[in-house]
A.B. asks: 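Before I ask anything, let me first share the structure, which is written out below as structure tokens.
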Number of protein chains: 2
Amino acid sequence: MKPGLRHETEDCRAVSDILGRVGDKWTVLVVGFLSSGPMRFSELRRSIGGISQKMLTTTLRGLERDGFVTRTVFPSIPPRVDYELTDLGHELRVPVNALGEWARLNMARVKQARERFDNAPSEQSTPVARTAARQATR
Amino acid sequence: MKPGLRHETEDCRAVSDILGRVGDKWTVLVVGFLSSGPMRFSELRRSIGGISQKMLTTTLRGLERDGFVTRTVFPSIPPRVDYELTDLGHELRVPVNALGEWARLNMARVKQARERFDNAPSEQSTPVARTAARQATR
DNA sequence: CAGGATCCGGTTAGATACTG
DNA sequence: CAGTATCTAACCGGATCCTG
């Protein structure tokens, strides 16, 4: 995302920026789990399940940097670190949840489209047939 | 995203799925340009500016596979291919635009948070101070 | 014109081992 | 417990060349 987009508008870069954070592999999961309250590192790790501790650290650092979560260290032994959504993080969940809800409602349509595409006779159809197929999806 | 998430809820996977498509490098730009009507390949390429033809092809194929755009080939010489958002694609723009709008409105806050984080005294603060900082951001 | 095929450097993510 | 450091395999995106 470094080069290439130099001449984009401010808006586009802001969107790409946020989407870059939100669209990465784990961020949404982490934010989702944090939405119900603060959690400590290993708690998150166990809840999410498939994440490596390196990726969890990286994801949380990114979220902290962007102001979406806070990181609170308790100087106890053993050490304990709590992560919690900031107000900004909670606000972010609104549009993200909207997108999530959309995804939930429309995943069947996407799945259907994928199956149709994957079983397609690999470009044996005429352009007219293609167009007809397009109409059918409307 | 293959292993690991086996035990996630359907919802979470749907969200990650959509976000994975939407959050990639070019998808949002492409969808944005297509929102005003059908465009042909080279038209898109020129409009977007920084994209290689390989990435544009890849992005468009992904969008086509998921049912967000249609691809119509005109058997002319020289060949001509039009891409157009499906209804599903147009509907997707609603939550994506909402997220984009949120990004536009809050990019300043994110930028501030980043600057604060990047100028931080790299963990010299006490946990209490950290917590105090957290309160300050509320 | 649209896009497939190939090569290649940079980034990324996971596994593993180690530390305060 | 909550990381950091390191290594490596996989992936990704760009550039280039080629075709119907």
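Letters go in sequence order (proteins before strands), and every chain restarts at 1. Below, all heavy atoms of this structure are taken into account, side chains as well, without hydrogens, waters or symmetry copies.
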A.B. asks: For residues 72-83 of chain B, pull every pair meeting salt bridge (Lys or Arg N to Asp or Glu O under 4.0 Å), keeping only residues two or more places apart or in separate chains.
C.D. replies: R80(B)-D82(B)
A.B. asks: Do side-chain atoms of S76(B) reach the backbone of P79(B) as a donor and acceptor pair under 3.5 angstrom?
C.D. replies: no
A.B. asks: Closer than 3.5 angstrom, by distance alone: can the side chain of T27(B) be matched with the main-chain N or O of D24(B) as a donor-acceptor pair?
C.D. replies: no
A.B. asks: Report the distance from atom CD of E64(B) to atom C1' of dA2(C), rounded to the nearest whole Å.
C.D. replies: 14 Å
A.B. asks: Round to the nearest Å and state the distance from I77(A) atom CD1 to dG3(D) atom P.
C.D. replies: 15 Å
A.B. asks: Applying salt bridge (charged side-chain N to carboxylate O under 4.0 Å, His left out), name anything that partners R45(B), two or more places apart in sequence or on another chain.
C.D. replies: none
A.B. asks: Using a 3.5 Å cut-off and no angle test, enumerate the donor-acceptor pairs between side-chain atoms of residues 54-62 of chain B and protein atoms at least two apart in sequence or in another chain.
C.D. replies:
from   : atom 1 : to     : atom 2 : distance (Å)
T57(B) : OG1    : Q53(B) : O      : 2.8
T58(B) : OG1    : K54(B) : O      : 2.8
T59(B) : OG1    : M55(B) : O      : 2.7

A.B. asks: Pick the nucleotide of DNA chain C nearest each of S52(A) and L60(B); which residue has the one closer to the 5' end?
C.D. replies: L60(B)
A.B. asks: Just how far, in rounded Å, is P of dA2(C) from CG of L56(B)?
C.D. replies: 10 Å
A.B. asks: Could you give the NZ-to-P distance, from K25(B) to dT11(C), as a whole number of Å?
C.D. replies: 11 Å
A.B. asks: Going by salt bridge (charged side-chain N to carboxylate O under 4.0 Å, His left out), name the residues that satisfy it together with R114(A), two or more places apart in sequence or in a different chain.
C.D. replies: D17(B), D66(B)
A.B. asks: Go through the structure and list residues passing salt bridge (charged side-chain N to carboxylate O under 4.0 Å, His left out) with E43(B), not counting sequence neighbours.
C.D. replies: none
A.B. asks: Rounded to the nearest angstrom, tell me the gap between atom CE in M55(A) and atom P in dG3(D).
C.D. replies: 14 Å
A.B. asks: Supply the atom-to-atom distance T70(A) OG1 to D87(A) CG, rounded to the nearest 0.5 angstrom.
C.D. replies: 10.0 Å
A.B. asks: Roughly how many Å is it from CZ in R46(A) to P in dG3(D), rounded to a whole number?
C.D. replies: 14 Å
A.B. asks: E101(B): what forms a side-chain contact (heavy atoms from CB on, under 4.5 Å) with it, not counting sequence neighbours?
C.D. replies: R104(B), L105(B)
A.B. asks: Between T58(B) and Y83(A), name the one whose nearest nucleotide on DNA chain D is closer to the 5' end.
C.D. replies: Y83(A)
A.B. asks: Strictly under 4.0 angstrom, non-hydrogen atoms only: write out the protein contact profile of nucleotides 4-9 of chain D, one letter per nucleotide from the 5' end, B, S or -.
C.D. replies: B-B---
A.B. asks: Round to a whole Å and report the spacing from CZ of R80(B) to C1' of dG3(C).
C.D. replies: 17 Å
A.B. asks: With a 4.5 Å heavy-atom cut-off, do R21(B) and F68(B) have their side chains touching?
C.D. replies: yes
A.B. asks: If you fit an axis to the five pairs at each end of the helix from dC1(C)-dG20(D) to dG20(C)-dC1(D), how big is the angle between those two axes, to 10 degrees?
C.D. replies: 40°
A.B. asks: Measure from the side chain of P78(B), starting at C-beta and using heavy atoms only, and say which of dG13(D), dG14(C), dC1(C) lies closest.
C.D. replies: dC1(C)
A.B. asks: List the residues meeting salt bridge (charged side-chain N to carboxylate O under 4.0 Å, His left out) with R93(A), not counting sequence neighbours, and say none if there are none.
C.D. replies: none
A.B. asks: In residues 36-45 of chain A, which ones come under 4.0 Å of DNA chain C, going by heavy atoms?
C.D. replies: none
A.B. asks: Of all residues at least two apart in sequence or in a different chain, which pass the side chain to side chain donor-acceptor pair (under 3.5 Å) check with E91(B)?
C.D. replies: R109(A)
A.B. asks: Are OP1 or OP2 of dT12(C) and a side-chain N or O of W26(A) less than 4.0 angstrom apart?
C.D. replies: no
A.B. asks: D24(B) has an atom CG; how far is it from atom P of dC11(D), in whole Å?
C.D. replies: 16 Å
